[in-house]
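Below: the structure, in structure tokens.
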Amino acid sequence: MERKRYLIEIGTGVDMHGGNMTGAALKAVKDAMSHCCMAGIREIHGKGPADIALRIKVCCPKPEELDLEALREPVHFYDDVEIAAAQGGAAERGLHVPEVGEGDTLTVAVAIITVYLKL
């Protein structure tokens with residue numbers, strides 16, 4: 001089945017305390033999805049979730065620590081989802097706040113979501 005790119009969206013997410021890669025990445029995916037209103041897919045093309053494929057690239061300081069399955073939660077209604085992890089994002093010493101967890105690392109993740117229409 002042929003695929004054509006329809007949309008590319010970028011989101012950022014931050015874990016303010018503790019350096020949680022998956023937490024920051026999950027916020028980045030949700031941020032990117034919150035910028036998308038793909039009205040044309042249904043209204044112009046007559047397509048729905050079964051006719052859509054997503055590729056999500058998440059960049060963070062320690063991609064090996066990402067729980068890729070957890071990143072599917074914001075896009076659970078799509079069946080065809082590929083998630084890839086890559087080095088990127090940013091990390092900086094932040095503030096340790098015992099009430100919200102261990103550590104003081106501020107972690108930034110970036111998500112790039114590419115939406116494809118299946119033709």
Worksheet entry | D79 CG: over 12 foreign heavy atoms closer than 6.0 Å | no
Item to complete: Check whether more than 12 heavy atoms from other residues, nucleotides or ligands sit under 6.0 Å from atom NZ of K118, and answer yes or no.
Response: yes
Worksheet item: For the side chain of D31 and the backbone of T12, is there at least one donor-acceptor N/O pair under 3.5 Å apart?
Response: yes
Item to complete: Assess whether atom CE of M16 is packed by more than 12 heavy atoms of other residues, nucleotides or ligands within 6.0 Å.
Response: no
Fill in: Shortest non-hydrogen contact from P61 toward V108
CD-O, 3.6 Å
Worksheet item: In Å, rounded to the nearest 0.5 Å, how long is the span from CG of D51 to CG of L117?
Response: 8.0 Å
Worksheet item: Do you know the tightest heavy-atom contact between K27 and G13?
Response: CB-CA, 3.7 Å
Worksheet item: Where do R42 and P49 come nearest, in terms of heavy atoms and distance?
Response: NH2-CD, 3.4 Å
Discussion item. Could you walk me through whether C36 and L7 satisfy the side-chain contact (heavy atoms from CB on, under 4.5 Å) test, starting with their C-alpha distance in whole Å, then the side-chain angles of each, then the deciding distance to 0.1 Å, before giving a yes or no?
Written reply: CA-CA 8 Å; C36 299; L7 176 75; 3.5 Å; yes
Worksheet, complete the sentence: Closest non-hydrogen atoms of H17 and L95, given as atom of the first, atom of the second and distance, are ND1-O, 2.7 Å
Response to the item:
Distance col, row M1:CE vs D80:CG, nearest 0.5 angstrom, shows 9.5 Å
Item to complete: Consider only side-chain heavy atoms of I, L, V, M, F, W and Y, link residues closer than 4.5 Å, and tell whether M33 and V110 are in one cluster.
Response: no
Worksheet, complete the sentence: G18 and D15 have their tightest heavy-atom pair at C-OD2, 3.6 Å
